[in-house]
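For reference, the structure discussed in these notes is given below.
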Amino acid sequence: MTSEALSKGYEPADVEAKWIAYWQDEKTFTPDPDGPGEPYSIVIPPPNVTGALHMGHALNITIQDILCRYHRQLGRKVLWVPGTDHAGIATQNVVERSLAAAGSSREELGREAFIERVWKWREEYGGKILNQISRLGASVDWSRERFTMDEGLSKAVREVFVRLYEDGLIYQGDYIINWCPRCHTALADLEVEYAPHIGKLYHIRYPVEGTETFVTVATTRPETLLGDTAVAVHPEDERYKDVVGKFAILPLVGRRIPIIADAYVEREFGTGCLKVTPAHDMNDFELGRKHGLEVIAVQDAAGRINENAPEKYRGLDRLAARKAVVEDLKELTLLDDIRDYEHNVGECYRCRTVIEPFVSKQWFVKTGPLAKVARKAVEDGRTIILPDQWTKTYYDWLDNIRDWCVSRQIWWGHRIPAWTCDSCGELVVARETPTSCPACGGSRLTQDPDVLDTWFSSALWPFTTMGWPDQTKELATFYPTSVLSTAFDILFFWVARMMMMGLHFMDEVPFRHVYIHALVRDAEGRKMSKSLGNGIDPLAMMERYGTDALRFTLAAFAAMGRDIKLAEERIEGYRHFINKMWNAARFALMHVADGAPEMELSQAAKAGLCHAMILSRLERLKGTVSRAIEGYQFNEAAQELYGFFWREFCDWYLEMAKVDLGGEDEFKKGAAKRVLLTVLSETLTLMHPIVPFVTQEIWSKLPGTAEPNLAKVPYPPLRTELISDEAEAAMELLRLVVVGVRNIRAELNINPGVKLTALVHAEDAAQAASLTANAAMISFMAKLERFEAGPDVAAPKASASAACGSCALFVPLSGAVDFDVEFLRLSKEEVKTVKELTVVEKKLGNEDFVSRAPADVVAKEREKQDALSEKLARLRELKDRIRKLMAEEA
RNA sequence: AGGAGCGUAGCUCAGGGGGAGAGCACUUGCUUGACACGCAAGGGGUCGGGAGUUCAAAUCUCCCCGUUCCUACCA
């Protein structure tokens with residue numbers, strides 16, 4: 001490959017689109033189910049088709065992409081399925097709004113035309129979020145993209161519905177459900193969100209039949225009085241002992257309603273007396289069933305009072321009715337008290353309208369048996385939830401699960417495959433549209449107008465995306481999927497339901513691991529939300545700092561079990577790192593643009609300490625990074641890579657390698673080139689899962705790469721023989737000497753341009769030899785004109801000094817040395833060393849420690865003691881020397 | 001009401017029985033051969049408080065304080 005000079009700074013905008021197209025053209029991410037390697041698969045949590053990419057998506061996509069790219073490097077056949085869900089209510093809302101703006105409505109259009117309109121909308125705008133996911137670099141297989149309303153998935157949904165019905169796990173019934181009067185549909189319990197509202201608590205007196213007394217109930221919704229069918233008190237409440245069993249006369253209506261006793265009533269709350277409206281309150285509904293109470297619905301689907309109420313209230317909206325009821329009660333002097341009252345009120349999670357509990361005919365999934373199986377799969381470890389603390393939450397939800405209302409009174413979604421015979425009323429649930437009634441043979445059948453909850457189809461995602469109910473090669477190869485990565489907020493909505501459905505229909509869990517990732521919050525720790533306007537737009541970040549900078553930031557902060565507080569400055573900071581990579585590569589290519597000589601790395605390691613050191617460190621890094629990724633510790637992987645690349649590779653290795661690269665020794669020069677190229681290219685491979693673009697761009701400029709597509713390059717081989725404790729220890733000593741000189745230079749304000757001499761008194765022959773052998777490196781790094789090390793090196797008279805481990809470092813200074821400054825510097829170091837030594841000696845002086853602590857811990861402490869004592873001895877010698885010099889001078 | 005998490009350097013957070021760490025910020029000095037999106041040197045912490053277990057506690061247990069979140073209910 002030819003080389004061209006790299007630009008001075010990394011320009012992400014220029015390269016990202018190019019590589020996305022390249023990977024796509026190369027079909028890099030389309031696996032062959034018959035190909036070699038262990039399968040590894042992920043299905044994307046399908047984003048809402050109306051959605052736009054937010055930080056939570058960006059984090060989740062980054063995590064999944066790291067996993068997929070990493071496992072691809074390990075030679076697995078990786079399938080990552082992308083797609084979107086049809087978001088019934090949300091999508092219908094969006095299209096209805098645009099119709100309203102044009103002065104039309106879905107009713108005006110009619111069902112078929114409306115659905116056609118939604119499909120058109122989807123065609124035009126529905127690809128937005130997928131396009132954004134693509135820009136993040138997601139290595140998904142676009143050839144297998146799915147949509148929950150696709151033909152195949154729709155067929156699967158119908159199959160599932162019918163089978164569940166046949167298994168007795170789906171039923172239709174009149175039950176109380178959460179009703180959104182604006183969306184005109186039922187909502188599942190999970191789709192109701194509670195928010196504090198300031199309301200009023202009304203105390204209303206109900207006359208007790210046959211007496212002159214009253215019972216006083218407390219309510220926040222006085223208009224529901226019209227539907228009351230009982231009054232309830234606690235059985236042990238002395239205040240009401242006498243009235244239990246009697247009847248109350250419902251004000252404004254005149255209905256005779258029983259006064260019942262039930263322990264559900266809390267004596268302390270309000271008046272301790274509860275009005276019961278089974279048709280319009282969840283708990284009252286349960287109470288009504290228990291006591292066989294009448295259910296009288298007094299509101300219609302739009303929240304207006306209906307014909308079951310006295311005539312004067314009919315047609316009134318619920319709030320208008322409330323006003324009227326309150327006025328009338330006042331008039332009758334039955335209203336005892338009105339007080340301000342803050343309480344939680346259920347709202348529709350899509351439109352924030354206050355929901356009304358409402359009795360109507362709906363379809364339910366009987367969740368009990370399904371939940372039991374879903375729980376057991378996690379108990380048995382067939383699916384592992386990470387981090388583990390979420391397991392309990394998962395159990396709690398399944399243990400308290402209620403039947404799932406799956407019918408929705410909207411048009412956009414999977415139509416329920418149930419028909420009623422017009423002539424005999426027979427209910428038919430079937431895969432194919434029936435042409436005649438199986439009961440009476442009648443030919444006129446009417447399909448249920450409702451559609452299914454979007455989450456019903458989402459729950460099937462792991463297997464329907466792979467072609468179920470057909471027995472496809474994909475299913476055989478890639479199901480169960482390896483991991484599901486998601487935020488905790490849809491653990492119930494989605495994860496638990498996928499578990500139930502996957503186990504029921506595939507007889508196998510849908511995924512081996514569930515990784516619950518962090519929630520991305522703003523810099524103040526608040527949840528990012530549209531209403532607060534505190535969201536950081538990932539696309540803006542990608543444009544400003546590059547996609548890799550955003551990805552690296554998210555990875556670096558993705559510690560398990562902890563939320564991420566994200567500020568733009570963080571992303572900006574990691575852009576510096578991306579740029580650093582770019583420049584390191586730019587430097588490397590100045591030297592190895594035409595390749596490096598073939599040479600065994602074990603040979604190259606012998607060419608110099610720095611080469612041996614960096615190769616050893618690289619080998620350790622490989623292990624750390626793969627352990628981190630496999631343990632979902634992305635922050636750890638990012639941090640290790642950052643530290644290695646910047647601190648070890650750039651700050652030390654690249655600097656030291658300059659000596660060999662610019663030197664005359666052809667062997668050393670060749671070794672340096674070989675090592676430089678190897679470390680750079682293998683580091684790029686290790687970093688590629690996190691920062692795919694910059695690594696691929698640099699890769700394309702490297703000489704001698706057999707595979708141009710970095711996404712296809714295997715994880716670098718382990719060469720454990722290159723790991724060398726000796727090289728790393730020798731390097732550490734060298735580092736101490738260099739830092740020692742630099743420190744003296746900085747503290748004594750010696751201009752960086754001035755070349756110094758450094759002398760090291762080293763008793764240990766091996767240490768002395770190692771330092772001497774690396775004199776050129778040390779001189780270059782510390783800007784020296786002369787360097788000497790050995791057991792016989794003596795302290796020059798006028799010099800600054802420092803202790804480097806067990807060695808003494810001297811920097812002779814021409815002109816006067818300020819002994820006071822010197823003395824102070826050494827004293828400071830001495831105090832620190834004494835403090836450390838004291839801690840160690842105290843430990844070793846403790847007999848219990850020596851006898852009870854593990855031998856290796858004690859041995860380590862002794863080693864530490866030796867090293868610190870030697871260092872301290874050195875420091876004291878140096879101080880003595882100064883003291884003498886001061887005396888001489890005086 | 002039940003449950004979970006968090007509290008470590010100015011900020012954001014790793015770590016998780018045996019040397020208190022990183023990044024950013026800060027101070028000082030630098031157009032040193034890729035990089036000022038940079039280089040070099042440095043300062044900075046009763047690991048929220050208290051008790052216990054242990055030879056040894058930032059780490060384990062209990063209590064308290066502060067904080068965030070989840071679930072359920074709220075007539």
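Throughout, a chain's letter reflects where its sequence line sits, starting with A, and its residues are numbered from 1.
Comparing B:G29, B:G18, B:C35 against the side chain of A:R586 picks out B:C35 as the nearest. In the set B:G23, B:G18, B:G29, B:G18 carries the atom at the smallest distance from any side-chain atom of A:A853. For A:F492, counting side-chain heavy atoms from C-beta on, the closest listed nucleotide (B:A34, B:C74, B:C70) is B:C70. Comparing B:A4, B:A34, B:U12 by their closest approach to the side chain of A:Q389 singles out B:A4. When the nucleotides B:A34, B:C30, B:G18 are ranked by their closest atom to the side chain of A:A584, B:A34 comes out on top. Checking B:C24, B:A34, B:G19 against every side-chain atom of A:K658, the shortest atom distance belongs to B:A34. Among B:C35, B:U32, B:C74, the nucleotide with an atom closest to any side-chain atom of A:N283 is B:C74. For A:F488, the side-chain atoms get nearest to B:C69 when compared with the rest of B:C69, B:G29, B:C35.
Residues A:E223 and A:R322 are paired through a salt bridge, judged by an N-O separation under 4.0 Å between the basic side chain and the carboxylate. Using a 4.0 Å cut-off between charged nitrogen and carboxylate oxygen, A:E648 and A:R617 count as a salt-bridge pair. Contact check on A:R339 versus A:D337 returns a salt bridge, with a Lys/Arg side-chain nitrogen under 4.0 Å from an Asp/Glu carboxylate oxygen. A salt bridge does not link A:R575 to A:D548: none of the charged side-chain nitrogens sits closer than 4.0 Å to a carboxylate oxygen. Taking the charged nitrogens against the carboxylate oxygens, A:K871 and A:E829 do have a contact shorter than 4.0 Å, which makes a salt bridge.
B:A34 atom P lies 5 Å from atom CE of A:M590, rounded to whole Å. Computed from coordinates, the A:Q639 CD to B:A22 C1' distance equals 5 Å when rounded to whole Å. Look at CZ on A:F552: it is 12 Å from P on B:G23, rounded to the nearest Å. The nearest whole Å value for the distance from the CG atom in A:D651 to the C1' atom in B:C35 is 11 Å. With rounding to whole Å, A:E836 atom CD is found 11 Å from B:A20 atom C1'.
For B:U28 and B:C70, the P atoms lie 45 Å apart once the distance is rounded to whole Å. Remark: the separation of the P atoms in B:A51 and B:A58 is 13 Å, to the nearest Å. Spacing of C1' atoms, B:U61 relative to B:G23, comes out at 34 Å, to the nearest Å. Going from the C1' atom of B:G44 to that of B:G33 covers 35 Å, rounded to whole Å. Nucleotides B:U8 and B:G48 are separated by 6 Å at their P atoms, to the nearest Å. Taking atom C1' on both B:U53 and B:C62, the two are 11 Å apart, rounded to the nearest angstrom. The P atoms of B:G52 and B:U59 are separated by 14 Å, rounded to the nearest whole Å. Straight-line distance between the C1' atoms of B:A25 and B:C13: roughly 14 Å, to the nearest whole Å.
Within 4.0 Å of A:T393, counting heavy atoms only, lies no atom of the nucleic acid at all. Contacts of A:V217 with the nucleic acid, taken as non-hydrogen atoms under 4.0 Å apart, are absent. Across all strands, A:E847 comes closer than 4.0 Å to no nucleic acid atom at all (heavy-atom distances). Looking at heavy-atom distances under 4.0 Å, A:V265 makes contact with a base. Contacts of A:Y10 with the nucleic acid, taken as non-hydrogen atoms under 4.0 Å apart, are absent. Looking at heavy-atom distances under 4.0 Å, A:E572 makes no contact with the nucleic acid at all. Residue contacts for A:L519: at a heavy-atom cut-off of 4.0 Å it reaches no nucleic acid atom on any strand shown.
Regarding contacts with the backbone of B:C35, every side-chain N or O of A:H576 stays at 4.0 angstrom or more from both OP1 and OP2. For the OP1/OP2 pair of B:G19 and a distance below 4.0 Å, the side-chain nitrogens and oxygens of A:K843 include at least one atom meeting the criterion. Look at A:K580 and you won't find any side-chain N or O under 4.0 angstrom from OP1 or OP2 of B:C35. Put simply, A:W646 has a side-chain N or O that comes within less than 4.0 Å of OP1 or OP2 on B:C39. At B:C37, none of the side-chain N or O atoms of A:R575 fall inside 4.0 Å of OP1 or OP2 (strictly under the cut-off). In this model, the phosphate group of B:C70 is not approached by any side-chain N or O of A:Y194 to a distance below 4.0 Å at OP1 or OP2. Between A:R570 and the phosphate of B:C11, there is no side-chain N or O to OP1/OP2 separation shorter than 4.0 Å. Residue A:K392 places no side-chain N or O under 4.0 Å from the OP1 or OP2 atom of B:G2. Considering only side-chain N and O atoms, A:N743 lies under 4.0 angstrom from the phosphate OP1 or OP2 of B:G42.
A donor-acceptor contact closer than 3.5 angstrom links the side chains of A:D388 and A:T391.
Remark: the A:N344 side chain and the B:C74 base include a donor-acceptor N/O pair separated by less than 3.5 Å.
A:F577 has its ring centre less than 6.0 Å from the ring centre of A:Y642. Two rings, from A:Y545 and A:Y574, have their centers 6.0 Å or more apart.
Classified by interplanar angle (parallel below 30°, tilted 30° to 60°, perpendicular above 60°), the ring pair A:Y10/A:W582 is tilted.
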The dot-bracket string of RNA chain B, counting Watson-Crick and G-U wobble pairs with both distances under 3.5 Å, using [ ] for crossing pairs and | for pairs to another strand, is (((((((..((((....[..)))).(((((.......))))).....(((((..]....))))))))))))....
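Checked by atom type and distance alone, the side chain of A:D403 pairs as donor or acceptor with a backbone atom of A:T367 at under 3.5 Å.
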